[in-house]
Amino acid sequence: MGLDFAALVREWDGEQVVISHDSTTATWMFVCQHSSRLGPATGGTRLRVYPEPAAGLADGLRLAAAMTVKMAMAGMPLGGGKGVLAVAQLPDAATRERIIDRYADLVASLGGSYLTAPDMNTSESDMARIARRCPYVFSRSVAQGGSGNSAPATAVGVLHGIRASTQHAFGSSELSGLGILVQGLGGVGGHLAELLTEAGARVLVADVDPDRVVRAVRTLGAAPVDAADVIGTDCDVLAPCAVGGVLDAAAVDTLRCRVVAGAANNQLAEPSIARRLRDRGVLYAPDFVINAGGVLHGVGLEQLGWDDAELQRRLRGIGDTLLTIYREADDAQLSTHDTAERAARQRLGTNGADQR
Ligand code: NAI
Ligand code: PHE
């Protein structure tokens, strides 16, 4: 291991990193502000146990950069950022409150240059607690005046993205009879599995939590897949909805699907993997395009004054954006990831050398 804070930050192309350590709870807090070109740096807060604190910083830096292109592609008047709470172990309720309060004070001290939202292991009730001391927060619970859980909207956006992907790969957006494997049955994947079942797909499910798999098998009639066997399982569409980094070189060589289209952030272990996917004939839905539903939900409803009809229209737009990217990628013989990055850079007005 031995990742070095200074080296990580030096190699990063973002604007500012704020690092804080709460000694009472032994929590490292990283606020990574990648870009304010289109508006304040915005992105969820991830609470996680990492092998070492610097791995949390590395995660935050990568995720913040992805938020910059996600916001640009979603047409949001916001930049990209991410908060990471690197904890020694998942906290009990009292410790969690202490961590969230200290973090709220840290975000408040940045004066609105970073706006936060939920991410892995943080919820709308954590956002409601942040809002007691800090106004710079999206997706508080509905009871606290926010727009609440964004996961169902993210799942709807992914469903539109899967339809666009099958349209491009197989010539039809009809999902009936297609084998679609959902990896991760949490807030997004669990809802997506339901939507896919309603759409007539043959749904396969995998999760490291066996209870979630059992529930999907019982309630949806889904077929269970061992979490360790996801990559090599024969299916039409793989929808990664768990963790990042699932697509490395070995995984791409093992895949037995024609489409990868799911919600997880940073699915590619490194950007060059996108080319390998293309060369293997696997259509890849760039994660930062297909998973924008959470942002559209939180920002659209709370900041842009959308009603539900407008939100649903924008969620459908995720499919249209993907179709455009797929056509442009084919025309230019580029990977879908590079094509989407290029489109994002155009919106950001940068040439790629500098994302700020
Ligand atoms: P979640 O924490 O509710 O669910 C994640 C699920 O994945 C859990 O059931 C967990 O047991 C499972 N899991 C973890 N490691 C796994 C593995 N190796 N194999 C199979 N299953 C595994 O998270 P949520 O909110 O559903 O998000 C899923 C992904 O989508 C995350 O990567 C998140 O960053 C991303 N995302 C979520 C958005 C949202 O609105 N919630 C918005 C955009 C992206
Ligand atoms: N966790 C969300 C994502 O990764 C971040 C987010 C949600 C940001 C809602 C703003 C509003 O997309």
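Sequential numbering from 1 along the given sequence is applied to the chain's residues. Order of listing sets the numbers, starting from 1, for every ligand and every atom in it.
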K.L.:
Can you confirm whether Tyr114 sits close enough to Thr45 that some side-chain heavy atom of one is under 4.5 Å from a side-chain heavy atom of the other?
P.N.:
yes
K.L.:
Would you mind telling me which of Gln303, Arg140, Glu302 makes a side chain to side chain donor-acceptor pair (under 3.5 Å) with Ser147?
P.N.:
Glu302
K.L.:
Using 4.0 Å as the upper bound for N to carboxylate O, is an ion pair formed by Asp330 and Arg327?
P.N.:
no
K.L.:
Can I get a per-line list of side-chain donor-acceptor pairs under 3.5 Å for residues 208-219, giving both atom names and the distance, sequence neighbours left out?
P.N.:
residue, atom, partner, partner atom, Å
Asp209, OD1, Asp211, N, 3.0
Thr219, OG1, Arg215, O, 2.8

K.L.:
So, regarding Asp207 and ligand 1 (criterion: nitrogen or oxygen to nitrogen or oxygen, under 3.5 Å), is there a contact or not?
P.N.:
yes
K.L.:
Which one of Gly190, Gly244, Ala242, Gly293 has a non-hydrogen atom at the shortest distance from atom 7 (O) of ligand 1?
P.N.:
Ala242
K.L.:
Heavy-atom distance from atom 23 (O) of ligand 1 to the protein below 4.0 Å?
P.N.:
no
K.L.:
Any atoms of ligand 2 less than 4.0 Å from a non-hydrogen atom of Lys82? List them with their elements.
P.N.:
4 (O)
K.L.:
Do Ser113 and Tyr136 have a side chain donor and acceptor closer than 3.5 Å?
P.N.:
no
K.L.:
Please identify which atoms of ligand 2 are closer than 4.0 Å to at least one heavy atom of Lys70.
P.N.:
3 (C), 4 (O), 12 (O)
K.L.:
In ligand 1, which numbered atoms sit nearer than 4.0 Å to a non-hydrogen atom of Ser150?
P.N.:
39 (C), 40 (O)
K.L.:
What is the distance from atom OG1 of Thr68 to atom CD of Glu341, rounded to the nearest 0.5 Å?
P.N.:
10.0 Å
K.L.:
Side chain, backbone, both or neither: which applies to Ala292 and ligand 2 if a contact is any heavy-atom pair less than 4.0 Å apart?
P.N.:
neither
K.L.:
Are any of the side-chain nitrogens in Asp59 or Lys82 under 4.0 Å away from the carboxylate oxygens of its partner?
P.N.:
no
K.L.:
Should the ring pair Phe30 and Phe5 be called parallel, tilted or perpendicular, given that the plane angle runs from 0 to 90° and is split at 30 and 60?
P.N.:
perpendicular
K.L.:
Looking only at protein heavy atoms, identify the closest one to atom 43 (C) of ligand 1 and say how far it is in Å.
P.N.:
Asn291 O, 3.4 Å
K.L.:
So, regarding Gly187 and ligand 1 (criterion: nitrogen or oxygen to nitrogen or oxygen, under 3.5 Å), is there a contact or not?
P.N.:
yes
K.L.:
Any side-chain heavy atom of Glu310 sitting closer than 4.5 Å to one from Leu304?
P.N.:
no
K.L.:
Can you figure out which of Gly294, Pro118, Ser147, Gly44 has its heavy atom closest to atom 1 (N) of ligand 2?
P.N.:
Pro118
K.L.:
Which residue and non-hydrogen atom of the protein lie closest to atom 35 (C) of ligand 1, and at what distance in Å?
P.N.:
Ala263 O, 3.4 Å
K.L.:
Are Leu220 and Val205 packed together at the side-chain level, in the sense that at least one heavy-atom pair is separated by less than 4.5 angstrom?
P.N.:
no
K.L.:
Nearest to atom 4 (O) of ligand 1, what protein heavy atom do you find, and at what distance?
P.N.:
Gly186 CA, 3.2 Å
K.L.:
Is the closest N or O pair between Ser139 and ligand 2 shorter than 3.5 Å?
P.N.:
no
K.L.:
Just checking, is any N or O donor in the side chain of Arg98 or Thr24 under 3.5 Å from an acceptor N or O on the other one?
P.N.:
yes
K.L.:
Hey, is ligand 2 close enough to Asp119 that some N/O pair sits below 3.5 Å?
P.N.:
yes
K.L.:
Are Thr336 and Leu277 packed together at the side-chain level, in the sense that at least one heavy-atom pair is separated by less than 4.5 angstrom?
P.N.:
no
K.L.:
What protein heavy atom is closest to atom 17 (C) of ligand 1, reported as residue, atom name and distance in Å?
P.N.:
Val208 CG1, 3.6 Å
K.L.:
Out of curiosity, Leu192 CG to Ile162 CD1, how far, rounded to the nearest 0.5 Å?
P.N.:
4.5 Å
K.L.:
Could you tell me, atom by atom, which parts of ligand 2 come under 4.0 Å of a heavy atom of Ala117?
P.N.:
6 (C), 7 (C), 8 (C), 9 (C), 10 (C), 11 (C)
K.L.:
Quick one: which of Leu192, Val158, Val188 has a heavy atom closest to atom 37 (C) of ligand 1?
P.N.:
Val188
K.L.:
Is there a polar contact between ligand 1 and Lys70, counting only N or O atoms under 3.5 Å apart?
P.N.:
no
K.L.:
Determine whether a donor-acceptor pair (N or O, by modelled atom type, separation under 3.5 Å) exists between the side chain of Asp126 and the backbone of Ser123.
P.N.:
yes
K.L.:
Counting only heavy atoms, tell me which of Arg212, Met67, Arg46 gets closest to atom 8 (C) of ligand 1.
P.N.:
Arg212
K.L.:
Any nitrogen or oxygen of Val243 lying under 3.5 Å from a nitrogen or oxygen in ligand 1? Just yes or no.
P.N.:
no
K.L.:
Applying a heavy-atom cut-off of 4.0 Å, say which part of Asn265 lies close to ligand 2: side chain, backbone, both or neither.
P.N.:
side chain
K.L.:
So if I count the atoms of ligand 1 from 1 in the order they appear, which ones are less than 4.0 Å from some heavy atom of Leu185?
P.N.:
9 (O)
K.L.:
At under 4.0 Å between heavy atoms, is it the side chain or the backbone of Asn121 that contacts ligand 1, or both, or neither?
P.N.:
neither
K.L.:
Specify the protein heavy atom at minimum distance from atom 33 (C) of ligand 1: its residue, its atom name, and the distance to 0.1 Å.
P.N.:
Asn265 ND2, 4.0 Å
K.L.:
Relative to atom 5 (C) of ligand 1, which among Cys241, Gly298, Gly189 owns the nearest non-hydrogen atom?
P.N.:
Cys241
K.L.:
For the residue pair Tyr284 and His337, does the interplanar ring angle fall in the parallel (under 30°), tilted (30 to 60°) or perpendicular (over 60°) class?
P.N.:
tilted
K.L.:
Would you say that Thr42 contacts Met67 through its side chain, given a criterion of any heavy-atom pair below 4.5 Å between the two side chains?
P.N.:
no
K.L.:
Applying a heavy-atom cut-off of 4.0 Å, say which part of Thr154 lies close to ligand 1: side chain, backbone, both or neither.
P.N.:
side chain
K.L.:
Protein heavy atom under 4.0 angstrom of atom 2 (O) of ligand 1, is there one?
P.N.:
no
